[in-house]
Asks: 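Here it is, the structure, as structure tokens.
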Amino acid sequence: MRPLIGITLGDPAGIGPEITVKALASHSVYETCRPLVIGDVSVLRNAAKLTGRTEIRMNVVEKPADGLYVPGCIDVIDMKCVDMGSLEIGKVSAAAGEAAFQYVKKVIELAMAKEVDATVTNALNKEAINLAGRHYSGHTEIYAEFTGTHKYTMMLAHKNLRVVHVSTHVSLREACDRVKKERILEVIRIASQACKEMGIANPKVGVAGLNPHCGENGLFGREELEEIAPAVEAAKKEGILAEGPVPADTVFSKALGGWYDIVVTMYHDQGHIPLKVVGFVYNQKEQKWDAVEGVNITLGLPIIRTSVDHGTAFDQAGTGKANELSLLNAITYAVSFANGRQK
């Protein structure tokens, strides 16, 4: 059976609706899964006009089991959150933030009830959801609360480069304080298990250092000696193929070269920057993005969640030109995890 994948529209004023229509215009998506959109059908219809896909039919359903899941037709649970007369595409608003939050809440409920096999999220705007009174720093925290999850981490993936984070949405100063043995070991375990769920039998986990040159034996900092190395040794004793700490300026090149299946990074930008360098390709001559690829995955949840690895791109919203590759990648990863869990 093709897994049933719930896809949220993200912020309705962003590019989420447009790239959703573009992605689901691809017949190949329907060969691997049954995609179901959670959003507003009015927003989707407008996105179909903006992207020139007016031939695509919208099929409004009450529950996932009612979908048709055939090419040329987008099945959607209409949340009726958006007034198209007042929606300003490309602008931050509390109304759009509330809609984006409700889409996410609904898809989590469907997954927890096992009505969908995996969830895929388009980008929401953190300012918008906070204006709506939903005080979260991102999708990850929403999923953690509504699934009752306490041990989780973010994974970014682009082809054979995968990274997970010890901390994400905190200040750099606080991120350094969070580099503790217990948390690092926890993330190493989650990373290894995620690779196994993707079909990698004996995953190799590279663990990045925090300081330049991994601290040079305490000269530039002691986190490697007192926290990171002990966590790696503890993971090895559990049978995990972990190595580190490895200097952050070489660990990603090694991962691209096949030394590691996944890299444990110590903070947000340490993991995000290398992924976006390889996944986001801007064509300077033509003044456009040739590729905006990469997937954001929350590990440690009782349900599957993958996401695009970019923001709402308000500057592109409404043009019909936004790139859907990251969403297609997210759907592919969701299918892979769903099939892995079924096995």
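Residue numbers start at 1 and run along the sequence shown. Atoms considered below: every heavy atom in the structure, side chains included; atoms not considered: hydrogens, waters and symmetry mates.
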Asks: Examine V335 and V308 and state if one hydrophobic cluster contains both, with Ile, Leu, Val, Met, Phe, Trp and Tyr joined whenever side-chain heavy atoms are less than 4.5 Å apart.
Replies: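 V335 clusters together with V308.
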Asks: Measure across G72 and H27 and return the closest heavy-atom pair with its distance rounded to 0.1 Å.
Replies: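 Where G72 meets H27 most closely, the heavy atoms are N-NE2, 4.5 Å.
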Asks: Answer yes when E186 and R183 have at least one side-chain N-carboxylate O distance shorter than 4.0 Å, and no when they do not.
Replies: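 Looking at E186 and R183, the cut-off is met.
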Asks: Between T168 and Y267, is there a side-chain donor-acceptor contact under 3.5 Å, judged purely by atom types and distance?
Replies: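 No donor-acceptor contact under 3.5 Å links the two side chains.
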Asks: Nearest 0.5 Å please: distance from the CD1 atom of I15 over to the CG atom of D315.
Replies: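 Here the interatomic distance stands at 8.5 Å.
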Asks: Sequence neighbours excluded, which residues qualify as salt bridge (charged side-chain N to carboxylate O under 4.0 Å, His left out) partners of R2?
Replies: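 By the salt bridge (charged side-chain N to carboxylate O under 4.0 Å, His left out) rule, R2 matches no residue at all.
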Asks: Does D117 use its side chain to pair, donor to acceptor, with the backbone of L4 at less than 3.5 Å?
Replies: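 Checking the backbone N and O of L4 against the side chain of D117, a donor-acceptor pair under 3.5 Å is found.
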Asks: Quick check: does any side chain N or O of E227 sit under 3.5 Å from a backbone N or O of E224, one acting as donor and the other as acceptor?
Replies: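 Pair absent, no side-chain N/O of E227 close to backbone of E224.
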Asks: Is the closest side-chain donor-acceptor distance between R305 and T119 under 3.5 Å?
Replies: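 No donor-acceptor contact under 3.5 Å links the two side chains.
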Asks: Under the rule for side chain to side chain contact (heavy atoms under 4.5 Å, CB included), what residues qualify as partners of A191, not counting sequence neighbours?
Replies: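 Expected list: V164, I262, V264.
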Asks: Just to verify, what does N130 make a side chain to side chain donor-acceptor pair (under 3.5 Å) with, not counting sequence neighbours?
Replies: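 Here the qualifying residues are H135.
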Asks: Can you sort out the partners of R341 under salt bridge (charged side-chain N to carboxylate O under 4.0 Å, His left out), two or more places apart, ordered by chain and number?
Replies: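 Testing R341 for salt bridge (charged side-chain N to carboxylate O under 4.0 Å, His left out), a comparison that skips the adjacent residues, returns E197.
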Asks: With sequence neighbours left out, what residues match V170 under side chain to side chain contact (heavy atoms under 4.5 Å, CB included)?
Replies: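 For V170, the residues satisfying side chain to side chain contact (heavy atoms under 4.5 Å, CB included) (neighbours in sequence not counted) are S167, E174, A175, R178.
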Asks: Considering residues at least two apart in sequence or located in another chain, which fulfil the side chain to side chain donor-acceptor pair (under 3.5 Å) criterion with R34?
Replies: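 Applying side chain to side chain donor-acceptor pair (under 3.5 Å) to R34 gives none.
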Asks: Heavy-atom distance under 4.5 Å between the side chains of T265 and V187, does that happen here?
Replies: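 No; the side chains remain at least 4.5 Å from each other.
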Asks: Please check if the side chain of N125 supplies one atom and the backbone of A128 the other of a donor-acceptor pair under 3.5 Å.
Replies: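 Here the side-chain-to-backbone pair exists.
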Asks: For G14, is there any backbone N or O sitting under 3.5 Å from a side-chain donor or acceptor partner on T312?
Replies: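 Not at all, since once roles are kept as given, no pair shorter than 3.5 Å links the two residues.
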Asks: Can you list everything that forms a ring pair (Phe, Tyr, Trp, His ring centres under 6.0 Å) with Y30? Sequence neighbours excluded, please.
Replies: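 Counting only residues at least two positions away or on another chain, Y30 forms no ring pair (Phe, Tyr, Trp, His ring centres under 6.0 Å).
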Asks: Applying the 4.5 Å side-chain criterion to the ILVMFWY set and letting contacts propagate, would I331 and I304 be lumped into a single cluster?
Replies: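 No; I304 is not reachable from I331 via cluster members.
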Asks: What is the distance from atom CD1 of I142 to atom CD1 of I108, rounded to the nearest 0.5 Å?
Replies: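 CD1 of I108 is found 7.0 Å from CD1 of I142.
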Asks: Which residue in the set D177, I184, L210 passes side chain to side chain contact (heavy atoms under 4.5 Å, CB included) when paired with E223?
Replies: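 Passing option: L210.
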Asks: Treating N329 as the side-chain partner and V295 as the backbone partner, does any N or O pair qualify as donor plus acceptor under 3.5 Å?
Replies: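 Not at all, since once roles are kept as given, no pair shorter than 3.5 Å links the two residues.
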Asks: Considering residues at least two apart in sequence or located in another chain, which fulfil the side chain to side chain donor-acceptor pair (under 3.5 Å) criterion with D40?
Replies: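 If we apply the side chain to side chain donor-acceptor pair (under 3.5 Å) test to D40, skipping adjacent residues, the hits are Y103.
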Asks: Test of understanding: clusters of I, L, V, M, F, W, Y form through side-chain heavy atoms closer than 4.5 Å, transitively. Do V41 and V70 belong to the same one?
Replies: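 Hydrophobic grouping puts V41 apart from V70.
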Asks: Is the shortest side-chain heavy-atom distance between L44 and V21 below 4.5 Å?
Replies: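 Yes; the side chains approach each other to less than 4.5 Å.
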Asks: L275 and M155: side-chain contact (heavy atoms from CB on, under 4.5 Å), yes or no, with the steps?
Replies: CA-CA 10 Å; L275 256 294; M155 179 174 91; over 6 Å; no
Asks: Answer with yes or no whether the hydrophobic clustering places M79 together with V37; edges join I, L, V, M, F, W, Y residues whose side-chain heavy atoms lie under 4.5 Å apart.
Replies: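 Yes: a chain of side-chain contacts under 4.5 Å links M79 to V37.
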Asks: With sequence neighbours excluded, give me every ring-ring contact (aromatic ring centres under 6.0 Å, His included) pair touching residues 162-212.
Replies: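 Listed by first then second residue: H165-H272, H169-H268.
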Asks: Enter the distance from R134:CZ to L124:CG here, rounded to the nearest 0.5 Å.
Replies: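 R134 CZ to L124 CG: 12.5 Å, rounded to 0.5 Å.
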Asks: Does this structure show an ion pair linking K63 with E115, if we count only N-O contacts that are shorter than 4.0 Å?
Replies: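 Between E115 and K63 there is no salt bridge, as every charged N stays at least 4.0 Å from the carboxylate O atoms.
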Asks: Can you measure from CD1 (I188) to NZ (K181) and round to the nearest 0.5 angstrom?
Replies: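 The CD1 atom of I188 sits 10.5 Å away from the NZ atom of K181.
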Asks: Is there a side-chain contact (heavy atoms from CB on, under 4.5 Å) between I38 and I7? Walk through the geometry before answering.
Replies: CA-CA 6 Å; I38 290 82; I7 304 170; 5.9 Å; no
Asks: Test H310 against every option in N296, I19, N323 by the side chain to side chain contact (heavy atoms under 4.5 Å, CB included) rule and name the one that passes.
Replies: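 In the set N296, I19, N323, the residue that makes a side chain to side chain contact (heavy atoms under 4.5 Å, CB included) with H310 is I19.
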Asks: Check whether any side-chain heavy atom of I190 lies under 4.5 Å from a side-chain heavy atom of Y152, and answer yes or no.
Replies: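 Of all side-chain heavy-atom pairs linking Y152 with I190, none is under 4.5 Å.
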Asks: Would you say CD of E62 has more than 12 non-hydrogen atoms from neighbouring residues, nucleotides or ligands within 6.0 angstrom?
Replies: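 At most 12 heavy atoms, drawn from other residues, nucleotides or ligands, come within 6.0 Å of this atom.
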Asks: Quick one: side chain to side chain contact (heavy atoms under 4.5 Å, CB included) partners of K236, sequence neighbours excluded?
Replies: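 Scan of K236 (side chain to side chain contact (heavy atoms under 4.5 Å, CB included), adjacent residues dropped) gives V232, E233.
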Asks: Does a donor on one side chain and an acceptor on the other come within less than 3.5 Å for T20 and N122?
Replies: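 Yes, side-chain donor-acceptor contact under 3.5 Å.
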Asks: Measuring from I77:CD1 to N59:CG, what's the distance to the nearest 0.5 Å?
Replies: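 Taking CD1 in I77 and CG in N59, the distance rounds to 11.0 Å.
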Asks: Mind checking the CZ-OH spacing from R162 to Y260? Nearest 0.5 Å is all I need.
Replies: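 Interatomic distance, R162 CZ to Y260 OH, rounded to 0.5 Å: 15.0 Å.
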Asks: Does anything in residues 242-271 form a salt bridge (Lys or Arg N to Asp or Glu O under 4.0 Å)? List the pairs, not counting sequence neighbours.
Replies: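 Listed by first then second residue: nothing to list.
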Asks: With a 4.5 Å heavy-atom cut-off, do K91 and F314 have their side chains touching?
Replies: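 They are not in contact (no side-chain heavy atoms under 4.5 Å apart), so the answer is no.
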Asks: Just so I know, are the side chains of H213 and P247 near enough to count as touching, which here means a heavy-atom distance under 4.5 Å?
Replies: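 Counting from C-beta outward, H213 and P247 never come under 4.5 Å.
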Asks: Only counting residues at least two apart or in another chain, list the ones meeting side chain to side chain donor-acceptor pair (under 3.5 Å) with Y136.
Replies: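 Partners of Y136 under the side chain to side chain donor-acceptor pair (under 3.5 Å) test: E145.
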Asks: Under a 4.0 Å threshold between the charged nitrogen and the carboxylate oxygen, would E18 count as salt-bridged to K22?
Replies: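 Looking at K22 and E18, the cut-off is not met.
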Asks: Is V205 linked to F252 within one hydrophobic cluster, defined over Ile, Leu, Val, Met, Phe, Trp and Tyr using a side-chain heavy-atom separation of less than 4.5 Å?
Replies: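 Per the 4.5 Å side-chain linkage, V205 and F252 are not co-clustered.
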Asks: Ignoring hydrogens and angles, tell me if any N or O in the side chain of E127 forms a donor-acceptor pair with the backbone of V92 under 3.5 Å.
Replies: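 Flag not set: sc E127 to bb V92 has no pair under 3.5 Å.
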